[in-house]
Amino acid sequence: MIYTVTLNPALDYFMNYEELALGEVNRTGKTQISAGGKGIMESRMLSLIGAKSKALGFVGGFSGQYIKDFLNENQIDADFTEIEDLTRINVKLKSQESETSLDAAGPKLKESEINHFLEKFDHLKEDDIVVFAGTIPKTLGEDFYERLIAKVQKQKATFVMDVDGQKLLDSLPAHPLLIKPNREELEAIFETSFKNNEQIIPYGQKLLEMGAQNVIVSMAGDGALLFTNEKVYFAQGIKGELKNSIGAGDSTVAGFLAEYSQSKDPLLAFRQAIACGTSKAFSDDMPSRAFLEEIYKKVNISEVK
Ligand SMILES: Nc1ncnc2c1ncn2[C@@H]1O[C@H](COP(=O)(O)OP(=O)(O)OP(=O)(O)O)[C@@H](O)[C@H]1O
Ligand SMILES: O=P(O)(O)OC[C@@]1(O)O[C@H](CO)[C@@H](O)[C@@H]1O
């Protein structure tokens with residue numbers, strides 16, 4: 001079973017404007033509500049490509065109820081821990097020039113809620129894959145992912161780490177199956193900046209040396225690099241109309257996982273990852289299956305090392 005873990009889910013409120021003026025009243029009729037949070041987005045993409053998953057995490061209040069109802073209506077399995085506080089609402093502003101995320105810190109969690117959540121990790125099986133995705137509500141403490149990874153390791157299950165910064169680095173000694181920093185996150189981790197793909201290669205390889213089994217460095221419209229222990233591959237960016245790239249990274253992770261969990265072939269998994277990420281970026285919400293398949297045919301991958 002694939003478990004997606006969203007410690008800090010979000011009700012995403014998308015607002016689309018032609019132009020946005022800060023400090024002024026901006027009005028729009030183009031709004032959309034969506035069940036979000038990185039692991040939840042991953043479960044949604046997994047479901048779209050026919051891979052079963054179970055979404056775990058903390059949900060509460062009317063926003064949490066919306067997420068539960070949404071997943072239920074879309075036959076996406078979930079086993080959330082109910083909390084008293086409210087699931088956060090993140091505002092996503094899109095104008096012709098830019099996409100801006102106004103993200104909240106997240107709810108306060110009680111000791112009893114945390115313990116209830118932790119119990120779910122006592123019954124993992126060896127062939128389970130757990131995806132840890134996104135930020136952590138403050139009350140859980142900075143080391144919460146480390147505690148969860150220790151539980152996954154104890155049960156000899158596999159995990160994927162879709163987080164950034166120090167938490168990503170901290171997870172590497174435990175050998176995550178996949179990590180997917182974007183180019184800017186990689187620059188921040190190694191306090192450097194990249195002018196071209198050549199310059200990225202030693203840093204992707206360094207993440208392998210530090211313990212990751214596979215690394216995808218995503219570069220939005222410029223495509224992505226895949227680092228495996230044998231080879232480095234480049235997937236060209238696919239041209240198209242950018243509609244909503246929020247969740248494109250999560251969809252990339254989901255695509256890799258859906259294929260890899262079946263075939264154990266990282267190159268095939270990379271192809272599906274690119275198709276899922278790109279078709280998400282070119283859709284207002286999740287893509288249709290037909291559109292995803294159309295984009296899949298356009299994926300162009302070459303070996304670079
Ligand atoms: N403008 C775009 N044009 C084409 N493909 C895109 C575009 N934006 C994203 N993608 C696809 O989605 C993948 C992931 O995008 P990106 O590198 O922006 O990840 P991310 O920063 O983790 O995304 P997010 O945090 O918005 O979910 C890219 O590798 C690419 O395949
Ligand atoms: O604050 P986090 O957990 O890093 O990210 C949360 C979030 O921006 O990620 C998803 C898109 O990737 C959205 O659905 C959600 O609002």
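Read the numbers this way: they start at 1 and go in the same order the structure lists the ligands and their atoms. This one's a predicted model, so the numbers in the text were calculated from it and none came from an experiment.
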Checklist entry - So which heavy atom in the protein is nearest atom 26 (O) of ligand 1, and how far is it from that ligand atom? => result Ser245 O, 3.0 Å
Item to check | Distance-only donor-acceptor check, side chains Thr4 and Ser43, under 3.5 Å | outcome: yes
Checklist outcome for this item: Of all protein heavy atoms, the one nearest atom 21 (O) of ligand 1 is Asn182 ND2, 2.8 Å
Checklist entry - Counting each atom of ligand 2 from 1 as listed, which ones have a heavy atom of Asp103 under 4.0 Å away? => result 8 (O)
Checklist entry - Nearest to atom 14 (O) of ligand 2 by heavy atom, Ile40, Val253, Asp12: which? => result Asp12
Item to check | Nearest protein heavy atom with distance in Å, relative to atom 14 (C) of ligand 1 | outcome: Thr252 OG1, 3.5 Å
Next on the checklist: Check contact between Gly37 and ligand 2, using heavy atoms of the residue and a distance below 4.0 angstrom.
Outcome noted: yes
Item to check | Pairing of Asp103 and Lys92 as salt bridge, 4.0 angstrom limit | outcome: yes
Checklist entry - When you look at CD of Glu84, are more than 12 heavy atoms from neighbouring residues, nucleotides or ligands closer to it than 6.0 Å? => result no
Checklist entry - Between Ser218 and ligand 1, which residue portion shows a heavy-atom distance shorter than 4.0 Å: side chain, backbone, both, or neither? => result both
Next on the checklist: Hydrophobic clustering (ILVMFWY, side-chain heavy atoms < 4.5 Å, transitive) - are Met1 and Ile76 grouped together?
Outcome noted: no
Checklist entry - With a 3.5 Å cut-off and no angle check, do the side chains of Arg44 and Asn74 form a donor-acceptor pair? => result no
Checklist outcome for this item: In ligand 1, the atoms that come under 4.0 Å of a heavy atom of Phe282 are 3 (N), 4 (C)
Checklist entry - Which ligand 2 atoms does Ile246 reach within 4.0 Å, using its non-hydrogen atoms? => result 11 (C)
Item to check | Proximity of Thr135 to ligand 2 by residue part, where a heavy atom lies under 4.0 Å | outcome: both
Checklist entry - Is there a donor-acceptor pair under 3.5 Å between the side chain of Asn26 and the backbone N or O of Ala21? => result yes
Checklist entry - Would Arg88 count as a contact of ligand 2 if the rule is a heavy atom under 4.0 Å away? => result yes
Next on the checklist: For Ser261, is there any backbone N or O sitting under 3.5 Å from a side-chain donor or acceptor partner on Lys264?
Outcome noted: yes
Item to check | Side-chain H-bond candidate by donor/acceptor type, Ser245 with Glu99, under 3.5 Å | outcome: yes
Checklist entry - Of all the heavy atoms in Gly247, does at least one lie under 4.0 Å from an atom in ligand 1? => result yes
Checklist entry - Is it true that Glu293 and Arg289 have a side-chain N and a carboxylate O under 4.0 angstrom from each other? => result yes
Checklist outcome for this item: So CG of Asn244 and CZ of Phe14: to nearest 0.5 Å the spacing works out to 4.5 Å
Item to check | Closest approach of any protein heavy atom to atom 25 (O) of ligand 1, naming residue and atom | outcome: Lys38 NZ, 4.4 Å
Checklist entry - Gly247: heavy atom below 4.0 Å from ligand 2, yes or no? => result yes
Item to check | From Lys280, Lys92, Lys38 - option closest to atom 5 (O) of ligand 2 by heavy atom | outcome: Lys38
Next on the checklist: For atom 30 (C) of ligand 1, what is the closest protein heavy atom, and at what distance to 0.1 Å?
Outcome noted: Ala220 O, 3.4 Å
Next on the checklist: Considering non-hydrogen atoms of the protein only, which is the closest contact for atom 23 (O) of ligand 1, and what is the distance?
Outcome noted: Gly249 N, 3.3 Å
Next on the checklist: Suppose I only count heavy atoms of Ala281 and a 4.0 Å limit; which atoms of ligand 1 are within that range?
Outcome noted: 6 (C), 7 (C), 8 (N), 9 (C), 10 (N)
Item to check | Glu142 vs Lys167, salt bridge (Lys or Arg N to Asp or Glu O under 4.0 Å): CA-CA, chis, key distance, verdict | outcome: CA-CA 8 Å; Glu142 285 300 304; Lys167 288 189 181 59; 2.8 Å; yes
Checklist entry - Considering only heavy atoms of Gly36, which atoms of ligand 2 have at least one such atom less than 4.0 Å away? => result 14 (O)
Checklist entry - Under 3.5 Å, side chain of Asn8 to main-chain N/O of Ala105, donor-acceptor pair present? => result yes
Checklist entry - Taking non-hydrogen atoms only, is Thr278 closer than 4.0 angstrom to ligand 1 via side chain, backbone, both or neither? => result both
Next on the checklist: Let me confirm one number: the CD1-CZ distance from Ile201 to Phe194, rounded to the nearest 0.5 Å.
Outcome noted: 10.5 Å
Item to check | ligand 1 atoms in contact with Gly277 (distance to a heavy atom under 4.0 Å) | outcome: 11 (C), 12 (O)
Item to check | Protein contact of atom 12 (O) of ligand 2 - nearest heavy atom, named by residue and atom, plus distance | outcome: Asp250 OD2, 2.7 Å
Item to check | Protein contact to atom 1 (N) of ligand 1 [nearest heavy atom, distance to 0.1 Å] | outcome: Leu242 CD1, 3.7 Å
Checklist outcome for this item: In terms of heavy-atom contacts, Gln155 and Asp122 come closest through NE2-O, 3.4 Å
Checklist outcome for this item: Going by the 4.0 angstrom heavy-atom rule, the piece of Lys180 near ligand 1 is side chain
